[in-house]
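First up is the structure itself, then whatever we jot down about it.
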Amino acid sequence: MKRFEELLHKGYAQSFEISTVLFHEKTEHQDLVIFETPTFGRVMALDNIVQVTTRDEYVYHEMMTHVPLFAKGDATDVLIIGGGDGGILREVLRHGSVKNATMVELDRSVVDLSVKHLPEISAGAFDDPRTDLIITDGVKFVAETDKRFDVIIVDSTDPVGPGEVLFTESFYADCHRCLKDGGVLVTQNGVPFFQGDEVTNTYRRMGKSFSDNGFYTAVVPTYVGGFMTLGWGTDDAGLRDIDAEVLRTRFQQANIKTRYYTPDLHKAAFALPQFILDLMN
Ligand code: AG3
């Protein structure tokens, strides 16, 4: 029986039984494999690190998207950096307030192969007239664009290889520049039980540009290690503490059916375990 082994964390592995390999090749930027498994459906890994599974993708995609969008309530322009599988884009477009979703992905192959082998993840989102897909380096895009966004979502790989530049002080500063007043930046920030440095570093680096920054959490089974931290940066300190009743009303009016996100969980996700708070000092 063939297996896929992820060796992201020191001395510890995650291993999947492979039913079939659907695709495996080196793209221009990274090694990309998509395989079928008995337990997690289809899995896509980049440079041997699991990015998405059809079984648990909803947790991450809903929390990366609905927390900033329901906190804002009226976002019209959203920027997604990375996220080539289209899962974030799919969730963003479910918000009726959104008029434009700009997605900047480095690796065209990730988009093409996800549409081909993982079609339920983007679920047609790339064909939506509100979508602008731009294949370029996200770092370059935020350094140069004149556009301004209500929400920026950075759906990156881990800070090794092509994703590393998306965890720097200058990148966060450029994201800040691309936000409208009171906009919010959300980032993928790893599993702090194993990747504690990411919390410490991001907290310091984002803090240079944003007057209110921190993290909220989600638990994604295939990002092993318990809580994942999602980075949060804004100059509107009230955004992390929107009244639960307001969130419930917005959620109801948006009429979005979720599998993980609820307004109460949204509130609770900002409560951090002590070991994560300690990493922020
Ligand atoms: N991007 C985040 C993958 C993070 C994996 N890291 C980890 N397990 N620590 C996923 C792309 C989904 N659209």
Side-chain angles (χ1 to χ4, degrees), residues 4 20-36 40-65 69 77-95 98-145 147 149 151-167 171 175 178 186-188 220 222-223:
F4 171 89
T20 347
V21 176
L22 297 159
F23 182 90
H24 188 191
E25 224 172 85
K26 287 213 188 317
T27 74
E28 207 185 314
H29 300 279
Q30 50 213 336
D31 179 274
L32 190 158
V33 61
I34 300 174
F35 53 92
E36 184 86 47
F40 282 97
R42 292 190 174 186
V43 180
M44 178 172 70
L46 295 175
D47 291 339
N48 226 50
I49 295 165
V50 174
Q51 298 302 316
V52 83
T53 86
T54 52
R55 175 86 190 277
D56 69 357
E57 54 88 10
Y58 63 92
V59 178
Y60 177 86
H61 292 139
E62 288 181 13
M63 288 301 275
M64 288 280 279
T65 304
L69 274 108
D77 298 279
V78 178
L79 171 65
I80 302 160
I81 310 246
D85 54 62
I88 301 277
L89 183 63
R90 175 197 74 208
E91 293 301 318
V92 165
L93 292 170
R94 294 173 78 190
H95 288 258
V98 172
K99 294 203 172 77
N100 174 265
T102 300
M103 184 172 138
V104 178
E105 164 64 50
L106 179 65
D107 193 342
R108 183 182 297 277
S109 313
V110 176
V111 176
D112 293 345
L113 293 161
S114 299
V115 167
K116 180 162 182 209
H117 297 289
L118 310 164
E120 65 271 57
I121 294 186
S122 51
F126 291 110
D127 301 323
D128 192 293
R130 293 172 292 165
T131 298
D132 277 328
L133 173 63
I134 303 173
I135 302 295
T136 192
D137 184 347
V139 170
K140 194 168 125 66
F141 182 85
V142 293
E144 293 173 358
T145 187
K147 290 205 186 126
F149 303 91
V151 175
I152 301 178
I153 302 174
V154 182
D155 181 12
S156 68
T157 52
D158 292 85
V160 278
E164 200 174 351
V165 288
L166 303 177
F167 290 80
F171 174 70
C175 287
C178 295
V186 164
T187 67
Q188 174 297 103
V220 185
T222 55
Y223 301 154

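FYI, side chains are in, hydrogens and waters are out, and symmetry mates aren't considered; it's all heavy atoms of this structure. Counting begins at 1 with the first residue of the sequence.
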Residues passing the side chain to side chain donor-acceptor pair (under 3.5 Å) test with Asp31, sequence neighbours excluded, are His24, Lys26
Answer yes if the side chains of Asp56 and Thr53 hold a donor-acceptor pair under 3.5 Å, and no otherwise. yes
Does Arg94, at its CZ atom, have more than 12 non-hydrogen atoms belonging to other residues, nucleotides or ligands within less than 6.0 Å? yes
Under the side chain to side chain donor-acceptor pair (under 3.5 Å) test, which residues partner Asp77, sequence neighbours left out? Lys180
Flag if over 12 foreign heavy atoms under 6.0 Å of CD, Glu28: no
Decide if atom CZ of Arg130 counts as having more than 12 heavy atoms of other residues, nucleotides or ligands within a radius under 6.0 Å. yes
Are His61 and Asp155 close enough that some pair of their side-chain heavy atoms sits under 4.5 Å apart? yes
Whether Arg90 side chain and Ile121 backbone form a donor-acceptor pair below 3.5 Å: yes
For the residue pair Phe149 and Val78, what are the closest heavy atoms and their distance? CD2-C, 3.7 Å
Euclidean distance, Asp112 CG relative to Thr27 OG1, rounded to 0.5 Å: 11.0 Å
Going by side-chain contact (heavy atoms from CB on, under 4.5 Å), Ser156 matches just one of Val165, Ile81, Leu166. Which one? Leu166
Just say parallel, tilted or perpendicular for the rings of Tyr60 and Tyr223, cut-offs at 30° and 60°. perpendicular
Using side-chain heavy atoms (C-beta onward) and a distance below 4.5 Å, is Ile49 in contact with Thr157? no
Taking atom types as modelled, find out whether Gln51 and Asp85 have a side-chain donor-acceptor pair closer than 3.5 angstrom. no
Should we count NZ of Lys147 as having more than 12 external heavy atoms under 6.0 Å? yes
Could you report the tightest heavy-atom contact between Gln30 and Val110, atom names first, then the distance? NE2-CG2, 3.8 Å
Is there a side-chain contact between Leu89 and Leu133 (heavy atoms, below 4.5 Å)? no
His117 and Phe35, any side-chain heavy atoms less than 4.5 Å apart: no
